[in-house]
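Right, one structure below, let's go through it.
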Amino acid sequence: MNEPIQDRLVTLRRSLHRHPEPAWREFATTARLVEEIRAIGVDELAVGPDAYDPADRMAVPDADLEPWLERARERGADEALLERMTGGNTGAVAVLERGEGPAIGLRVDIDGLFIEESDDHDHDPAAEGFRSEIDGTMHACGHDAHMTWGLAVLEAIKASDFSGRLVVFFQPAEETSGGGCPMAKSEFAEGLDYLLAIHVGLDHPTGEVVAGIEKPLAMCHVDATIEGTSAHAGKAPNEGDNAMHAMGTAIENAYGIPRHADGMTRVNIGYAEAGSASNVIAERAHMEAEARGETTELMEYMKDRLERTVRSAARMHGCQADVEVVSESPRADSDPELQSLVSEVANGVDGIDRVLPAADFGASEDATFLMERVQRDGGLATYLIVGTDHPTSHHTPTFDVDEDSLAHGVDVLVETIRTLEHQHPVARNESER
């Protein structure tokens, strides 16, 4: 690792791509990040429970952690680090303290997805030997590129004469909206003047940059379990309380929740299971759903009515429902002042031929927790997009990134940080810190 990250962006990204780990299981990923960060040399490095309060985490799996921990151990991960990450406390925060100047945060996400990566010869990771080595798991959203950016920016700022404070959040569990909240509540988010979050692609081609997203949807993940009474479906169906029937009613009624006059709302039941055999009245049913809204208030409207719908359907069929909000994230828009600055910077970066000041996001992101925290405390935040030519959409088995975009992202971020250092356009009064 003596070779600078800037000279091995592609190699690093491909190495991370080969070893994806899903939310709260990023043990080997975190260990690799820590190894790289230690080689760079920072003033403070916090891992897992030192980076946030574990109690603030959301969507932490009840099981399935140990196999991932053991796999990281087999790959040679530092045992002391694995001990710190027990219970799924993954992720890290790296801090550079460089004297007087603005406090700037950079957030990158680190988790993979439960998707089997294509082994088709037309899929570059398969053809060039860096396809995921973990069955059923894949970096199908570009988080391998995001981590590469985070490390490369940290290295570049460390090597410069930057004056100020840089905090890089290597955030776990973005895909389940579980990691943004604890990082936003942590001490490391306190007093930030600026927050930069970044994503690759999102249907923007190589050479294009969006300086800041607008209108991300607030969202929540909701799990519901319905308990009924089993009975013989032929001999005594009247003695049962059909949890499957109750779930069917809940699903149908959920899609009938009235939309709101104040803006866009969404609801979806993405997973459902029930029953054991054709001749048994189902005594248990489970469903996983989500609700979204154009604003946080509209999401709350949909969430409340979804919960009410499930409970009412259960009662209608003599059953009981346990409804749990597994995770959620608010809406937070990019600040125009920061969008303008990023636009100016990106227009001067080699390889960038088109800059969009803003674009509607249309999806959800738990980076909004950090954005909201910084904005509430008087700072500015933006969520920018660095375009990449991806052959298929995000969250598909053949997703990939154009590796030319790796250097684009580093250059845009580093130049934005240095410009904020020198211009510091929204310096706050000490009373606001």
Side-chain angles (χ1 to χ4, degrees), residues 1-3 5 8 11-97 105-112 132-134 137 139 143-144 146-155 158 166-176 178-183 185-189:
M1 291 195 307
N2 292 327
E3 185 182 7
I5 292 172
R8 55 187 176 97
T11 302
L12 178 56
R13 177 256 162 172
R14 292 185 176 192
S15 176
L16 293 166
H17 186 89
R18 283 196 296 268
H19 303 284
E21 296 168 301
W24 299 124
R25 305 167 183 87
E26 309 96 328
F27 299 111
T29 301
T30 300
R32 175 65 188 278
L33 291 169
V34 169
E35 185 181 5
E36 296 281 354
I37 294 166
R38 284 173 174 169
I40 292 168
V42 296
D43 298 292
E44 187 173 2
L45 173 58
V47 179
D50 294 328
Y52 51 78
D53 184 344
D56 292 329
R57 296 178 301 161
M58 294 188 285
V60 182
D62 295 329
D64 191 36
L65 294 176
E66 192 59 34
W68 295 90
L69 187 65
E70 185 57 33
R71 181 183 175 277
R73 184 173 287 114
E74 291 172 357
R75 287 195 61 218
D78 184 305
E79 190 62 40
L81 283 176
L82 295 180
E83 183 69 23
R84 294 296 301 144
M85 291 186 277
T86 298
N89 290 299
T90 50
V93 177
V95 182
L96 288 175
E97 294 281 4
L106 169 62
R107 180 273 201 175
V108 295
D109 39 17
I110 72 173
D111 54 327
S132 171
E133 297 179 9
I134 306 177
T137 311
H139 272 301
H143 296 189
D144 48 345
H146 301 172
M147 288 184 277
T148 303
W149 283 338
L151 292 169
V153 169
L154 195 61
E155 178 189 67
K158 167 69 184 298
L166 177 65
V167 182
V168 183
F169 299 88
F170 292 92
Q171 184 211 301
E174 182 278 330
E175 295 293 354
T176 59
C181 178
M183 291 230 163
K185 290 183 175 181
S186 75
E187 62 182 290
F188 296 100

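Within the 4.5 Å cutoff, side-chain heavy atoms of Y52 are placed close to those of N89. Side-chain contact check for P172 versus D111: every heavy-atom pair is 4.5 Å or farther apart. For the pair P20/I134, a side-chain contact is recorded, criterion being any heavy-atom separation below 4.5 Å from C-beta on.
A salt bridge does not link D53 with K185: none of the charged nitrogens is closer than 4.0 Å to a carboxylate oxygen. A salt bridge does not link E21 to R32: none of the charged nitrogens lies less than 4.0 Å from a carboxylate oxygen.
Across all their heavy atoms, T137 and S132 have their closest contact at O-OG, 2.7 Å. Across every non-hydrogen atom of M58 and C181, the tightest pair is CE-CB, 3.7 Å. The shortest non-hydrogen separation linking F188 to F169 is O-CZ, 3.6 Å. In terms of heavy atoms, A92 sits closest to L45 at CB-CD1, 4.3 Å. Across R57 and G88, no two heavy atoms sit closer than the pair NH1-O, 3.1 Å. Considering every non-hydrogen atom in both R25 and P61, the closest pair reads NH2-CB, 3.4 Å.
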Test log, rule side-chain contact (heavy atoms from CB on, under 4.5 Å), inputs H19 and R71: CA-CA 10 Å; H19 303 284; R71 181 183 175 277; 3.1 Å; yes
CA sep, side-chain torsions, deciding dist, call: V153, V168, side-chain contact (heavy atoms from CB on, under 4.5 Å): CA-CA 9 Å; V153 169; V168 183; 5.6 Å; no
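Under the side chain to side chain contact (heavy atoms under 4.5 Å, CB included) rule, L154 has a single partner from I40, I5, V95, which is I40.
From T11, atom OG1 reaches atom CG of L16 across 11.0 Å, with rounding to the nearest 0.5 Å. Here the NE2 atom belonging to H146 is positioned 12.5 Å from the CZ atom belonging to F170, to the nearest 0.5 angstrom. Remark: E97 CD to D43 CG distance equals 6.5 Å, nearest 0.5 Å. Atom CZ of R73 sits about 4.5 Å away from atom CG of L69, to the nearest 0.5 Å. Summarising the geometry, atom CD belonging to E26 is positioned 10.0 Å from atom NE2 belonging to H143; distances are rounded to the nearest 0.5 Å.
Residue E66 places its CD atom among more than 12 non-hydrogen atoms of other residues, nucleotides or ligands, all under 6.0 Å distant.
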